[in-house]
Structures are given as structure tokens and as C-alpha cells.
Amino acid sequence: MWVCGTVWRVRTPARQWRRLLPASGCHGPAASSYSASAETARVRALVYGHHGDPAKVVELKNLDRAAVGGSDVRVKMLAAPINPSDINMIQGNYGLLPELPAVGGNEGVAQVVAVGSNVTRLKPGDWVIPANAGLGTWRTEAVFSEDALIQVPSDIPLQSAATLGVNPCTAYRMLMDFEQLQPGDSVIQNASNSGVGQAVIQIAAALGLRTINVVRDRPDIQKLSDRLKSLGAEHVITEEELRRPEMKNFFKDMPQPRLALNCVGGKSSTELLRQLAPVQGADPHPVRSHPPRPAHSPSLLPGPAAGLPVCLGSLHEALRIFKADSHHVIIPKELE
């Protein structure tokens, strides 16, 4: 997930999205506070009826509350991020487009309010995230099928839970699917301060892997380096430093990386390739690219059966240390 650096005004009076962080200790209301009789009859959602500029086509609307069928789950949204992929979907140039009119938002975390008589995996109070993109998370509450939701631990930070479906799992799959890495092995990546790059740093540290993190030079490079190192980065270097001949001395005390993760391309990816450890009797490992494409790519997370739940199960402990980058996050009370 790449963080959206812009905000837009929806078509409602005096309302503007701003960066929102959950209040201290905010893990959503206790499950006991939810009941069918106590729920508000009004469901508020950010809806678009046709594709175009989000500032022009997204409207804050009241929706009818759906009834809960036998295999349905009613949830109350706790938080949902605003990502570039969400904007692309509204614009109509995303790889997956829901039927219109549609509610915006692909990621988020919700708490189960009520379940149908045939639901077996979930119960009121559970935290859940969407199993796939396009569910529409920019709303106060909703009714979804049980199969559309995946339970996640409720003892992780709210903001992390709302954003864990893409970045941590993408990072984990890239670290695990292409090379059999062992503790002590090193990994090199560019755009290390991106959302997925920060997830790579944290998960690699949890797995005992050493990371070389390449970023573009900037006036506050030391501040950025300190922040990435606080997440577990061992080394943070600039694109310019990566190109210097002195880099050969860098690997006297650091094993050459066995895996490179690229989301920049061009000269940057070439420099990553040059740093990879050679393979005996074979060509060097190819650079494993993760270009800035839709983060919910089905080729990477092929769906509930083969992708996300498997990843989440493997990441059970790592999720407890994952720190989400600062996102634009919708807290449902902002829709009221």
C-alpha cells in the first residue's frame, strides 16, 4: 500500500478528510454494547455512482440497513484507510471495479455486531477485515457474507489492524515465496520508506533477517534513517551511496543479499541486481519486483483460500509488533 498524500473534499457541507489517528486505547466499543435493538437505523457511507474525480463523484449518503440473513454478518466499521488504489477504483482505472453505485474503500477493520444462524466462524465482538478488495469499507456499518470476512486478533493497534491486509502480507509473501532465507541472511530493497517497505523491515527483523534499505536522498535523511532503524532496519543508504564504488567495502562486514525487492525500476533496480550474492552454477538471483501497481493484485494474494488467511496465520506473532505508517484513516464517527 502506498500512502495517499492528498485529501479531498466530499460533497457535503463543511467536511474535509484529514489525517486521523485513533484516540489512546481505542480498540472499538466492547462487544456487549452491540445489539440489534441498540444499533442506529442510519448507515452513513461514501458512495460514488459513476467514475471520475473523487472530489466530484464521491458523496456522503444515508443507506438502508440490510437485514441479516442466515450466512450474513453485521459489522460496525472501526477504521479504514484511504489509499491510492481506492482513488484509482473511483476513477475507474483500477484492475477490479465493483458494480455502481459503490461504496469506496478496500481496506479496514470492523467489529462483528450480529451473525446469522448459519455463521460458524465468527461471533459478536470479533474483529474482521475484508477477504478481498472492493467490499466498500468507507461506511459506518454493513452486512456482509461470512465468506467475505477474515477474523484478525483484536489485541493489535486499531490503525495497524485497519491496514494489515495489504502491506504486511505483501511483504511477508515477498520475503518467503522467492528465496529460502535463513536467519542472518540479508535482503536489499529500494523505496524502503514506502508502506510495504516498512512492513518488509519489521517482518524481516522478526524473522532474524538483516536488511539494507535504499531510499532517495533528502534534506531530512537522518530523520528518515532513524525512523526506519527504529522499525528494525539495520542499514539505511541513499540511491547515490548505493552507486559508489565504496559499496564493495560495505559487504566486508555484511553478507551480500540473497534477495532484492524492487519497486522503483530503472537504474535503481540495476544497482540492486549488482549487489546480489552470486549463485554457484547459476545466474545471480533475479530482482524480485513489486512495482507500484494495485496493492490487492490477485496474483500476489489469490484469495481467502490460498492467500491472506495463510499469510495471517504465519504472521500471527509478527502482527503484534507491526506498526502502521501514518495513513489517512476514516474513523466512522467522522461520517456521522
Side-chain angles (χ1 to χ4, degrees), residues 1-4 8 10 17 43-54 57-61 63-66 69 71-112 121-122 127-152 161-170 173 195-196 290 292-312 327-330 332 335:
M1 176 192 331
W2 284 262
V3 178
C4 174
W8 71 89
V10 297
W17 291 119
V43 176
R44 301 278 275 170
L46 288 169
V47 182
Y48 57 102
H50 58 277
H51 297 122
D53 181 356
V57 302
V58 175
E59 298 181 87
L60 184 61
K61 291 186 174 183
L63 301 181
D64 292 334
R65 190 177 62 200
S71 299
D72 291 335
V73 177
R74 178 173 291 161
V75 300
K76 186 176 184 69
M77 293 302 304
L78 301 180
I82 303 173
N83 295 305
S85 58
D86 301 324
I87 297 174
N88 294 153
M89 187 173 284
I90 296 170
Q91 293 170 331
N93 53 21
Y94 189 75
L96 171 67
L97 297 177
E99 294 184 6
L100 299 180
V103 176
N106 289 303
E107 268 195 305
V109 62
Q111 190 168 38
V112 175
R121 292 188 296 104
L122 300 171
W127 278 18
V128 291
I129 63 173
N132 291 294
L135 202 60
T137 57
W138 296 352
R139 61 179 102 196
T140 54
E141 61 178 275
V143 174
F144 300 121
S145 68
E146 181 183 19
D147 292 339
L149 302 170
I150 298 173
Q151 184 182 357
V152 297
T163 57
L164 65 83
V166 175
N167 285 340
C169 291
T170 299
R173 295 289 297 270
V196 72
H290 55 100
R293 57 181 176 169
H296 295 271
S297 168
S299 64
L300 186 60
L301 296 177
L308 190 55
V310 174
C311 179
L312 289 175
H327 288 68
H328 289 82
V329 175
I330 298 172
L335 303 182

statement: Nearest heavy-atom approach of Ala45 to Leu63 is CB-CD1, 3.5 Å

query: Sequence neighbours excluded, which residues qualify as side-chain contact (heavy atoms from CB on, under 4.5 Å) partners of Ser145?
result: Asp72, Asp147, Ala148

field: Minimum side-chain heavy-atom gap Pro98-Tyr48 below 4.5 Å
entry: yes

field: Note, Trp127 side chain near Leu78 side chain (heavy atom, < 4.5 Å)
entry: yes

message: What I'd like to find out is whether the side chain of Leu135 reaches to under 4.5 Å of the side chain of Asn106, using heavy atoms alone.
response: no

- prompt: So, for Thr140 and Val43, which heavy atoms are closest and what is the spacing to 0.1 Å?
  reply: OG1-CA, 3.6 Å

- prompt: Are any non-hydrogen side-chain atoms of Val128 and Leu122 less than 4.5 angstrom apart?
  reply: yes

message: My understanding is that only residues two or more places apart in sequence, or in another chain, count here; which of them pass side-chain contact (heavy atoms from CB on, under 4.5 Å) with Pro101?
response: Val47

Pairwise side-chain contact, Pro130 with Leu149, heavy-atom cut-off 4.5 Å (strictly under): no

- prompt: Is the backbone N or O of Glu107 less than 3.5 Å from a side-chain atom of Thr137, with the two atoms forming a donor-acceptor pair by type?
  reply: yes

Any side-chain heavy-atom pair of Met89 and Leu97 under 4.5 Å: yes

- prompt: For Ala66, which residues count as a side-chain contact (heavy atoms from CB on, under 4.5 Å) partner, sequence neighbours excluded?
  reply: Val143

statement: When every non-hydrogen atom of Pro81 is compared with those of Ala162, the smallest separation belongs to CD-O, 3.5 Å

- prompt: Of the non-hydrogen atoms in Trp138 and Ala80, which two are nearest, and what is the gap between them?
  reply: CD1-CB, 4.0 Å

query: What's the shortest heavy-atom distance between Gly108 and Ile129, and which atoms?
result: O-CG2, 3.4 Å

message: If you define the side chain from C-beta out and look only at heavy atoms, does anything of Lys76 sit under 4.5 Å from Val112?
response: no

task: Indicate yes or no: at least one non-hydrogen side-chain atom of Glu141 is less than 4.5 angstrom from one of Arg74.
output: yes

- prompt: Between Gln91 and Pro54, is there a donor-acceptor pair closer than 3.5 Å when you use the side chain of the first and the backbone of the second?
  reply: no

query: What pair of heavy atoms forms the shortest contact from Ala102 to Glu99, and how long is it?
result: CB-O, 3.4 Å

task: Supply the atom-to-atom distance Arg139 CZ to Lys61 NZ, rounded to the nearest 0.5 angstrom.
output: 13.0 Å

